[in-house]
Amino acid sequence: MPTILITGANRGIGRALAQSYLQDGWRVFAASRQPSESLIEGAESLALDLSNPTSIQELKLRLVDIPIDIVWNNAGVYLDKNQPLEQVDNNDWLRSFEINCIAPIRIAETLAENVSMSERKVIAFTTSKMASLAVNGARAYAYRSSKTALNMAVRCFAKDQEAQDISCLLLHPGHVRTDMGGPEGDIDIATSITGMRTVVDQINPTCMANMDEGYFNYDGSRIPW
Ligand SMILES: NC(=O)c1ccc[n+]([C@@H]2O[C@H](COP(=O)([O-])OP(=O)(O)OC[C@H]3O[C@@H](n4cnc5c(N)ncnc54)[C@H](OP(=O)(O)O)[C@@H]3O)[C@@H](O)[C@H]2O)c1
């Protein structure tokens, strides 16, 4: 049975991803700050707080010797939404880096051994179109810069993992109607996850993701770095 671990699985895009993989018969580890078996029926709940390095280390102990086909770093924060620069709190900016960039890489590092034992060997990272240096707009300094930093860190990590045949993917989910995306989002959650799954599920060691053309939009098109 293929296995996936998803962070931020308690609501929004992460929760829908967990439910979608469960429906397809996958073993699903649903990681969230306040885990509860009743949150997603059939999933195995894991406690994970991205702002706590000990919590990330504890994942390794909990998952020892379990092959994980896909680790999906989905959890994220958008702490400076709609804020002009003068209103952005430096602590929020640092926290954005901690949660959106450093923690996903540490989780990937921590679970790389589990992924390398699996058949598919994929680590997916949810980034944002707002991270693109090529198509950037104004405001959202903390969010944009933390996701741009994630993109760079993932490219470094991907090179480090080449010998293990681990594919690292960066995906923009679209502007999705969630708590983060708001009701003004362009697409619903189902459209986003169906598209992203089409990209992620076809990647395996014989079909590695090529990062040269940019990172993935949810519909499979590429967004320039
Ligand atoms: N929605 C969009 O339009 C959009 C666009 C581009 C990119 N994205 C990205 O897509 C991903 C999912 O977004 P979403 O729209 O589903 O957002 P969401 O509804 O706000 O959900 C965010 C998830 O991240 C979790 N999270 C936040 N801080 C955490 C921490 N310290 N430790 C563990 N979990 C934490 C939240 O858990 P709690 O419930 O515990 O807070 C929640 O499960 C994010 O990475 C986001 O940046 C979204």
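Counting starts at 1 for both ligands and their atoms, following the listed order.
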Does R155 make a cation-pi contact with Y215, if we ask for NZ or CZ under 6.0 Å from the ring centre and within 45° of the axis? no
Can you list, by chain and residue number, every protein residue with a non-hydrogen atom closer than 4.0 Å to ligand 1? G8, N10, R11, G12, I13, R33, L48, D49, L50, S51, N74, A75, G76, V77, I99, T126, T127, S128, Y143, K147, H172, P173, G174, H175, V176, T178, D179, M180, G181
Scan side-chain atoms only and decide if S146 and N100 contain a donor-acceptor pair under the 3.5 Å cut-off. yes
Using the test ring pair (Phe, Tyr, Trp, His ring centres under 6.0 Å), find all partners of F29 that sit at least two apart in sequence or belong to another chain. none
Y78 and D179 side chains, donor-acceptor separation under 3.5 Å: no
With R222 as the cation and F216 as the aromatic partner, state whether NZ or CZ is under 6.0 Å from the six-membered ring centre and within 45° of the axis. yes
Can you tell me if D188 and T191 form a side-chain donor-acceptor pair at under 3.5 Å? yes
